[in-house]
Enquirer: 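What follows is a structure written as structure tokens; I'll ask about it next.
Residue indices begin at 1 and follow the sequence shown. Because the structure is a prediction, the values reported are computed rather than measured.
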Amino acid sequence: MVAAMLVRSALLPVRRGPRRDAGRLTGAARRAPALLGAALALLLGCSGATQAPAARQARAVKTPPAQPKAPEGPPLLPAQVIAELEEEDATPYIARRGDEALLLYAAGGRWRTRVLGADGAPRGDIVDAGPTAADVPVAALRAGPQGYIAAWIEQIGGSRAVRVLALDPAGKPVAPASPVAQTAEEITWLDVLPNAKGALVLWEMPREAQGDLDSVDVVMTVVAQDKGAAIKPTAPASVAREVLGWHAVATERGAAVALVLPPAAPPPRAQGKPARKADAEDGAEAAKLGTIALLEIDAAGKISAPVAVSPEPTAQVDLEIAAVGGRYLLTWTDERDIDSAVYLAAVEPGGKVVVAPRQATPPSGEQALVSLVAPSAGGAGRALLAWEDLLRPRGGERDGGAEAAGAGRLIHLASVGPDGALGAERAALVFSASGPPDLAADGDGFAAVTLAPATLKAARGAAAAPPVWPTFVRFGPDLSVRAAEPVRAAPFAATDGVPYLVRGLSCHKGACATLASAAAGAGPQQGGAGKAAAAARAPLALVSLPVRESAWRAPAFREDKDPPPRATAVRALAEGDHLARVAAAELDGGATLAAWVTYFVEGASDAAPRGQDLAATLAVRAASPGGPGKLNVLSQKASSLGGVAIATAPPPPADPKGKGGASPGESVIAWVARERGETQVYVTKVDATGAKLAQKKLTTAPRKKQGGAASEASDVAIAYDGAGGFIVAWVDTRDGNAEVYAARVDRALNRTVPDRRITNAPLDAAEVQIAVRGQEAWLVWSDARPAGDAAAGGGAGGEAAGDVFFARLDAKTLQRIGDESRLHASPEHSRSPVLAPHEGGVLVGWVDEPAGEGAAAGGGAAAGGPGAHARLVRLDNGGAAQGPPVAVAGPEGAPVSSLALACDKVCRSVLASAPGDSVVMSAFTLAPGEASAPALKQLAWLTGSASQDVSPVFAGRSGGSLFFADDAVSGSGRVRWMTIAWP
């Protein structure tokens, strides 16, 4: 069977303005992975239409055409058939007035109304409310002071018209519909905002685009209604011209209208966004952002002067407003920082901004506003904020911390008061569709209708995929789940009880209900002469959504009770070109330094000024609990293959006069520069802010060869030697094949041990890593030497695809201690080694993938191929392996691309894998002596593609700060900083 729902926001006011479908995050349209198909369109309160105007993002999508068999057993929901629609996609409208509600729908070219009781049962017969045009794209119905007021847009020939109709409490027209406006121009949206003296009817008219800037004019009419008299609309009047977006809320005095105004000038580039090669594209994107303003309209139609709420031209057009506790709360998606974030502001009636714009939620990567739901009249005075984080686990089931990913989007929920502060309680709602779910205030709590996989609580571990059905959830004031069930009722028995369309969620005095309709001809049918006529109609029912015990698993959960490990915040440190490598180190006082090098292909860019070399960019930025520091670009002549590494030295001991030899917090960055076609290793000393203090060239090897390719330096690594200096390791081809080299420098960056070749093998080495253990330096790297190489302790002959090797050096002389050892011999390609020292030795990890799936040794890390997994092995203080390596697969067998390790009392890891078309970050812990594969907990889904190497790295031994590369939805590269709470 096919189930579909149409869902729009449950707010009485509706968001208006041109929609943005590409570039920046705008609700569900931003998700990089494909979403489960569905169709919801929530017409709450009830305005809207099945087909959204072209100027607005469509709210309807279709469910998967093939659904699994329905689970058997659970009872259906109570429902009343209240009408029959002539078309399955026809839009009914409903509005509540006290304990009653009025249904409005079109049939036979006439408007029909019907009064419904508090229990949803029809009261009286269907009323003929007058003629309607054949094409009504948008209509609205609201409860007014004397009954109800309906308004709609008609399209007749080449003209558009707005008409208004007053209805008494019984649904009978007070007088024929009144024409308000008629024009040859487009009218794309309309809403009715009732007040104590009548109503304001607002509509929008799109303006011709100016370049990439889409805008609309907002127009209104005042509808006055004396007791028992017909309405008297005024002539149309302009509310605002050429705005990017708008949203209005009704008040007793009239209405408040929030506006997104076009910027007077292009917005300044946010800090952390260095100049990029796609500035023209960035300029076009910035032109779609605006400032936030608010104006008020009284019941007589007098418009106040706009008040600037957020003068920064960084707001997206998804602005919403709600009246909460005698104030106006405004919320929108803002791009003033690198990552888009949900912002809130509060304004008193009269225009005084009492809460300046601020980020509503902790930073979590790119965010998007979903909805703002005003509290009910008898509620606790708190609204509901709904938003989406892209860098968070996707929707799924949770039971004691277990999570099943892939069920859809995860919509986050929190209550918000008049002060704009979010409550501590957080919930999450699974939504397997694009657009927003239907949300409504429910007494002192909230209700939702979503589209989610329908599973029974007892059906754990079922092999078959569950059906995706419309499902309701009732939340308490603390956002705990009171009840949840699929929307299934007897009128839809032909389709397993599941309706074709679900819309119009509303709640009153603790009772919630939603409109639902079947596909034409899919409802209960009578035999004989009425069969053909019934087959052409779609039954419309009002389905009750009770709080009762249920066998169904809820598609929602309390998110603030999610056990660790979990991401507590995600920030972007920089945006620009794609990233090749990220490095990080921990400083005193909880601060960290992150360094990165961008991806650059020599000869593939024409961005260099004439006569100048230009390669990859090397940059560094400090990060602390107070936020990111200044961005420091150290070089634009770096080599992407060279990578980057960073190590920090403690403050030197004071001299006899009490003066220290250097300021605290000095760090040294190792990297590779490309100048005049040659690469050399460099070391750069920076302070705690990332500012350059000194820089020296570490290698001076001749690179150019007669008749052959120049030699290259790559894959740098660095560690503090514990005695006032630093040991640098790298891979070098100066002697033919790629071998591991090392050198030692003092605090002044002077070489104290010159370049020393560490390996001597017939094939290439790659990706060296280094750690210092007391008087020794320990190295690991990937090497493609033959498996029978005696120096490596190999066995049978033949060539390996690449294994991980280990060597110990004297930290002072860099002389090798003993022979190299192969940590694990296998036919797989072993790459991307990492190591984490701890009290009992070192934990080494790497990625194994079937030979031929990944890059060859020496080619650097790549996204894992099918079957790629991680391996972990412990080495004791003497360098001996403590048992065989432990294999760690990605979630659900997803191929692993990279991992980060940190060890303190326990070892912690974040593993990157690609279960689909994007990357998921999962966390696990490994206690001392633990030899079994650890359990994984998802931290975040990234917005970049599955082919990217995210280069995750911890700063420090606690694992509390993780840095990694990602691609934004817009396509630019980003350096991200994640803080993690561990058990």
Enquirer: If you define the side chain from C-beta out and look only at heavy atoms, does anything of I94 sit under 4.5 Å from L104?
Expert: no
Enquirer: Between H247 (side chain) and A258 (backbone), is there a donor-acceptor pair under 3.5 Å?
Expert: no
Enquirer: Go through V164 and I231 one step at a time and tell me if the side chain to side chain contact (heavy atoms under 4.5 Å, CB included) criterion holds.
Expert: CA-CA 8 Å; V164 179; I231 59 175; 3.4 Å; yes
Enquirer: Is there a donor-acceptor pair closer than 3.5 Å between any side-chain N or O of D496 and the backbone N or O of V498?
Expert: no
Enquirer: Is it true that a side-chain atom of R409 and a backbone atom of V430 form a donor plus acceptor pair closer than 3.5 Å?
Expert: no
Enquirer: Charged N to carboxylate O below 4.0 Å: is that the case for D99 and K509?
Expert: yes
Enquirer: Could you pull out the closest heavy-atom pair between V192 and A199, with the gap in Å?
Expert: CG1-CB, 4.0 Å
Enquirer: Is it the case that the side chain of T331 and the backbone of E320 share a donor-acceptor pair, with hydrogens and angles ignored and the cut-off at 3.5 Å?
Expert: no
Enquirer: Please confirm whether the backbone N or O of L540 pairs with a side-chain atom of S517, one donor and one acceptor, at under 3.5 Å?
Expert: no
Enquirer: Given V180, which partner from the list V223, T221, V201 fulfils the side-chain contact (heavy atoms from CB on, under 4.5 Å) test?
Expert: T221
Enquirer: Does some side-chain heavy atom of L319 sit less than 4.5 Å from a side-chain heavy atom of W246?
Expert: no
Enquirer: With R160, which residues qualify under side chain to side chain contact (heavy atoms under 4.5 Å, CB included), at least two apart?
Expert: Q155, E186, I187
Enquirer: Identify, with sequence neighbours excluded, every residue that meets side chain to side chain contact (heavy atoms under 4.5 Å, CB included) alongside A427.
Expert: L413, F475, L479
Enquirer: Ignoring hydrogens and angles, tell me if any N or O in the side chain of S415 forms a donor-acceptor pair with the backbone of L384 under 3.5 Å.
Expert: no
Enquirer: Tell me, please, which residues at least two apart from V324 pass side chain to side chain contact (heavy atoms under 4.5 Å, CB included).
Expert: A322, L329, P375, A383, P418
Enquirer: Looking at R96, is its backbone amide N or carbonyl O close enough to the side chain of H508 to form a donor-acceptor pair, meaning the two atoms are under 3.5 Å apart?
Expert: no
Enquirer: Would you confirm whether T113, through its side chain, and L103, through its main-chain N or O, come within 3.5 Å as a donor-acceptor pair?
Expert: no
Enquirer: Just wondering, do L116 and L102 contact through their side chains at under 4.5 Å, heavy atoms?
Expert: no
Enquirer: Side chain to side chain donor-acceptor pair (under 3.5 Å) with Y105: which residues, sequence neighbours excluded?
Expert: none
Enquirer: Do D444 and R482 pass the salt bridge (Lys or Arg N to Asp or Glu O under 4.0 Å) test, and can you show the C-alpha distance, the side-chain angles, and the key distance before you say yes or no?
Expert: CA-CA 12 Å; D444 57 354; R482 286 174 166 172; 3.2 Å; yes
Enquirer: Knowing that exactly one of D128, D168, L165 qualifies, which makes a side-chain contact (heavy atoms from CB on, under 4.5 Å) with P173?
Expert: L165
Enquirer: Taking T514 for the side chain and R503 for the main chain, is one N or O donor matched with an acceptor at less than 3.5 Å?
Expert: yes
Enquirer: Rounded to the nearest 0.5 Å, what's the gap from CG on L501 to CG on L515? Could you check?
Expert: 10.5 Å
Enquirer: Any side-chain heavy atom of L200 sitting closer than 4.5 Å to one from N195?
Expert: yes
Enquirer: In this structure, which one of R548, R474, R553 forms a salt bridge (Lys or Arg N to Asp or Glu O under 4.0 Å) with E485?
Expert: R548
Enquirer: Going by side chain to side chain contact (heavy atoms under 4.5 Å, CB included), name the residues that satisfy it together with R97, two or more places apart in sequence or in a different chain.
Expert: A143, Y148, P169
Enquirer: Please determine whether side chain to side chain contact (heavy atoms under 4.5 Å, CB included) holds for the pair L451 and F431, giving the CA-CA distance in whole Å, both sets of side-chain angles, and the decisive distance to 0.1 Å.
Expert: CA-CA 5 Å; L451 194 73; F431 187 47; 4.2 Å; yes
Enquirer: Please assess Q225 against V174 for the test side chain to side chain contact (heavy atoms under 4.5 Å, CB included), listing each intermediate value before the final yes or no.
Expert: CA-CA 10 Å; Q225 184 178 20; V174 176; 4.2 Å; yes
Enquirer: Can you name the closest pair of heavy atoms from L429 and A556 and give their distance?
Expert: CD1-CB, 4.0 Å
Enquirer: Quick check: closest heavy atoms across L77 and P486, and the distance to 0.1 Å?
Expert: CD1-O, 3.4 Å
Enquirer: Give the minimum heavy-atom separation between I411 and A386, together with the two atoms involved.
Expert: CG2-CB, 4.0 Å
Enquirer: State, yes or no, whether a side-chain contact exists between P470 and T450 at a heavy-atom distance under 4.5 Å.
Expert: no
Enquirer: Give the C-alpha distance, both sets of side-chain angles, the deciding distance and a yes or no for side chain to side chain contact (heavy atoms under 4.5 Å, CB included) between V216 and V243.
Expert: CA-CA 5 Å; V216 298; V243 299; 3.8 Å; yes
Enquirer: With heavy-atom distances below 4.5 Å as the criterion, would you say the side chains of I153 and T188 are in contact?
Expert: no
Enquirer: For W152 and A177, which heavy atoms make the closest approach, and how far apart are they?
Expert: CH2-CB, 3.7 Å
Enquirer: State, to 0.1 Å, how close V449 and P437 come at their nearest heavy-atom pair, and which atoms those are.
Expert: O-CB, 3.7 Å
Enquirer: From I156 CD1 over to Q182 CD, what is the distance, rounded to the nearest 0.5 angstrom?
Expert: 6.5 Å
Enquirer: Begin from the C-alpha positions of R142 and D191 and carry the test salt bridge (Lys or Arg N to Asp or Glu O under 4.0 Å) through to its verdict.
Expert: CA-CA 9 Å; R142 306 294 186 206; D191 196 17; 2.7 Å; yes
Enquirer: Please round to the nearest 0.5 Å and tell me the distance separating atom CG of D442 and atom CG of L545.
Expert: 9.5 Å
Enquirer: Answer whether the closest heavy-atom distance between the side chains of L167 and I149 falls below 4.5 Å.
Expert: no
Enquirer: How long is the span from the OH atom in Y93 to the CG atom in L141, to the nearest 0.5 Å?
Expert: 9.5 Å
Enquirer: Got a second to check how far I126's CD1 is from E84's CD, nearest 0.5 Å?
Expert: 8.5 Å
Enquirer: Go through the structure and list residues passing side chain to side chain donor-acceptor pair (under 3.5 Å) with W111, not counting sequence neighbours.
Expert: T132
Enquirer: With a 4.5 Å cut-off on side-chain heavy atoms, are M220 and L193 touching?
Expert: no
Enquirer: Without swapping roles, check the side chain of E86 against the backbone of A107 for a donor-acceptor pair under 3.5 Å.
Expert: no
